[in-house]
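Throughout, a chain's letter reflects where its sequence line sits, starting with A, and its residues are numbered from 1.
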There are 2 protein chains.
Amino acid sequence: MAKRTQGKPAGLSRRRIAAAAVDLVDREGLESFGVRRLASELGVDPMSIYNHIKGKAALLDAISEAVLTEVSAAAAQWPDDWMGIARTMARAYRDMAIRHPRISPLLATRAQTSAVALEALERLTAAMRRAGIADQAIADAPLVLFGFLNGYLLATLSGNPGGTDDPATGVAQPAFDPAPYPTLAALAPLQAGFGGEDEFERMLETVLAGIAQRAAGA
Amino acid sequence: MAKRTQGKPAGLSRRRIAAAAVDLVDREGLESFGVRRLASELGVDPMSIYNHIKGKAALLDAISEAVLTEVSAAAAQWPDDWMGIARTMARAYRDMAIRHPRISPLLATRAQTSAVALEALERLTAAMRRAGIADQAIADAPLVLFGFLNGYLLATLSGNPGGTDDPATGVAQPAFDPAPYPTLAALAPLQAGFGGEDEFERMLETVLAGIAQRAAGA
DNA sequence: GACCTATATTCTACACCGTAGGTAATACCT
DNA sequence: AGGTATTACCTACGGTGTAGAATATAGGTC
C-alpha cells in the first residue's frame, strides 16, 4: 500500500502556478480555464493547487497580478510631464493586452487594488499636481483614462465592429446589411485598421485632449 | 406509464425566456446563472430552453439584446446636434447599466452587432456628418465614446477605487496604506461620489470635449 | 372527423467542474 | 533523532452544460 507519492515535493509555488495559468489562458482561453485543467498542465493533483492559492477566484487574481506586473516592468524610465506619463502607461498597458488578449477582459472586470496599479496611479497623479492642475480634474483623470483603455481594448481584442474578419488576411467583412445604415456603410472603409496601432494612437490622443482641456480649467 | 406530461405546452418563447433570464441575473448575479437555474425559475425542464435558444452562449446574447432594447426605448426623442445625441445616448446607457449592474459586464465583453446597436450608431454618425466633421473623426467617435462608457461603468458598478464601502451609508474606506501613495491619499476625498451622477457627467463631458476638439480639426 | 407530421417538452445519461474532508509523506526546526 | 508543519494526494459530493432518445400535443390536409 506504500504506492502513494503524496508528500513528494512537486515544486509548486504561487509564482509557478500563476505563470502556468497565464500560459494556459493565453493558449486556450478563459472559457475552458479551470483548476483541473491547470493542475493537469502542471502534472499535479487539482487539490495541490489549493495549498498555494485559495480557490478559483484567487487564481484569477493571481493571473491579473502577473500580467499587471509586466506592464510596470515595461517602461524602463518615465517621462516627467503628466501627458508623457499617461501616454507611456497607456501604450505599455495596450502592449500587455495584445500579448495576452484573452486575459485582458479579466483586468477590466476585476477591481485593481494591487501595489503595481497603485504605484502607477500615484506616479500619474503626482505629475499632474506638479503641473498645478485642479485637484478634481486630477482625481477624475485615471478613471477616464483607464475606463477608456479597458473599454477600448475589450472591444478591439475580442471581436470587431460588426462581422468576422480573418486575422491572417486582415480582410474585414461588414456583415451587416448596409441599406438601413448608410452612414455606417460609408464609414466602414475607415475602420479598416480596427484595433491597430494608428487607430489606438488617434483615440488615445482624443481622450488625452479631453483631459488636458479640463486640466486647463475649461 | 402515462404519467408523463412531456408534450404539454409550457408557453415558452424566446422573449419570455430572455425576460426571466434578465430578472434572474439581476437578482442573483452572473456567477451563479445557468441553464438549470433559469429552467427551475421557469418551472420547466432545462432542456426545454434549448428548443428556443441554442445554448448558454446564445442565452447570454439574448440577455444582452433584451437590456440593449431598453436603452433605445428610453429616449423618446433625440436632439438634432451630435453632442446632444451622444449625451442622450450615454445617459440612457448608464441608466440601463444602473438598472442592471450585474448584466452590464456582459455588454462590455460581447461584441455588439444587434440592430438596436447599429441604429444608435447610425443616428450618431449621421448627425456628425451633417455637422461637416471629417470622416475619420466620425468613424473613431463611437469607439472612443462606448469604449469609455463600458470601461467606466465596469469600474464603477463592480467595486470601487480601492477598498470596500458600504452602499447604505456611502462611507468610503481607502483600504490602502496611504504612506507610499501620498498623492492618491490626498485625492481620496475627491472620489467620494465614485460612480455617482455628478462624476459621470464630469467625465462624460471630458470625453466629449476630446471628441469635439478632434472634430474641430485640431 | 381522421390521419400525419412537425414541434415542444421531458427524461436519461455523460463528462466535466469547484472544492470540502481526510490521509500520507516529506521538510524543517529543535 | 524526534516532533511538527507543510505539501501533496485521494475520495467524494453536489453542481454544471448539453447530446440523444422518448413522448405528447398542435396544426395542416384530406
Side-chain angles (χ1 to χ4, degrees), chain A residues 1-25 27-65 102-103 105-106 109-110, chain B residues 1-25 27-65 102-103 105-106 109-110:
Chain A
M1 56 176 45
K3 244 356 166 0
R4 311 279 183 71
T5 53
Q6 297 197 188
K8 193 180 309 181
L12 286 184
S13 70
R14 187 187 159 90
R15 187 95 59 197
R16 211 165 86 80
I17 293 174
V22 168
D23 269 14
L24 184 57
V25 176
R27 258 183 297 122
E28 314 202 348
L30 269 178
E31 304 279 305
S32 69
F33 174 77
V35 180
R36 294 174 116 109
R37 299 280 298 235
L38 178 58
S40 95
E41 194 77 8
L42 285 163
V44 137
D45 185 275
M47 285 296 122
S48 297
I49 291 178
Y50 280 74
N51 291 317
H52 303 269
I53 294 179
K54 283 184 308 219
K56 191 181 185 182
L59 204 44
L60 296 176
D61 283 337
I63 293 177
S64 303
E65 196 186 316
R102 324 176 84 158
I103 293 179
L106 258 192
T109 307
R110 303 176 94 74
Chain B
M1 53 177 47
K3 232 20 154 345
R4 311 280 183 69
T5 54
Q6 298 196 188
K8 192 180 310 181
L12 286 184
S13 71
R14 186 186 159 90
R15 188 95 58 199
R16 210 165 86 79
I17 293 173
V22 168
D23 269 13
L24 184 56
V25 176
R27 256 183 297 120
E28 314 204 347
L30 269 178
E31 304 279 305
S32 68
F33 175 78
V35 180
R36 295 174 117 110
R37 299 277 300 232
L38 177 59
S40 96
E41 195 77 7
L42 285 163
V44 138
D45 185 275
M47 294 317 282
S48 296
I49 291 178
Y50 281 74
N51 291 315
H52 304 268
I53 294 180
K54 283 184 309 225
K56 191 180 184 182
L59 203 44
L60 296 176
D61 284 337
I63 292 177
S64 303
E65 195 186 317
R102 324 177 83 158
I103 294 179
L106 259 190
T109 307
R110 304 177 94 74

Completion exercise
B/E41 atom CD is separated from D/dT16 atom P, nearest whole Å, by 13 Å
Practice task
State which residues pass side-chain contact (heavy atoms from CB on, under 4.5 Å) with A/R36; sequence neighbours excluded, sorted by chain then number.
Solution key: A/P46
Practice task
Give the rounded distance in Å between these two atoms: CD of A/E31 and P of C/dC16.
Solution key: 17 Å
Handout entry: Distance, rounded to the nearest Å, where B/D45 contributes CG and D/dG20 contributes P
Key = 17 Å
Handout entry: Side chain A/N51 and base D/dA8 donor-acceptor under 3.5 Å
Key = yes
Completion exercise
side chain to side chain donor-acceptor pair (under 3.5 Å) filter on B/R102, not counting sequence neighbours, yields none
Problem - OP1 or OP2 of C/dA8 under 4.0 Å from side-chain N/O of B/S48 - result: no
Fill in the blank from the handout: By side-chain contact (heavy atoms from CB on, under 4.5 Å), A/D45 pairs with (sequence neighbours left out) A/M47, A/S48
Exercise for the section: Round to a whole Å and report the spacing from CZ of A/R16 to C1' of D/dA8. Expected result: 13 Å
Practice task
Determine: side-chain N/O of B/H52 to OP1/OP2 of C/dT7, distance under 4.0 Å, yes or no.
Solution key: no
Problem - Summary of salt bridge (Lys or Arg N to Asp or Glu O under 4.0 Å) pairs that have at least one residue in residues 47-63 of chain B, sequence neighbours excluded - result: B/D61-B/R110
Collect all protein-nucleotide pairs involving nucleotides 17-21 of chain C in which both atoms are nitrogen or oxygen and the distance is under 3.5 Å.
| unit_1 | atom_1 | unit_2 | atom_2 | d |
| --- | --- | --- | --- | --- |
| C/dG18 | OP1 | A/V35 | N | 3.2 |
| C/dG18 | OP1 | A/K56 | NZ | 3.4 |
| C/dG18 | OP2 | A/V35 | N | 3.0 |
| C/dG18 | OP2 | A/R36 | N | 3.3 |
| C/dG18 | N7 | A/R36 | NH1 | 2.2 |
| C/dG18 | O6 | A/R36 | NH1 | 2.8 |
| C/dT19 | OP2 | A/Y50 | OH | 2.4 |
| C/dT19 | OP2 | A/K56 | N | 2.9 |
| C/dT19 | O5' | A/Y50 | OH | 3.1 |
| C/dT19 | O4 | A/R36 | NH1 | 3.3 |

Problem - Sequence-distant partners of A/R15, side chain to side chain donor-acceptor pair (under 3.5 Å), two or more places apart - result: none
Fill in the blank from the handout: One should read off an interatomic distance between B/L106 CG and B/L60 CG, to the nearest 0.5 angstrom, of 5.0 Å
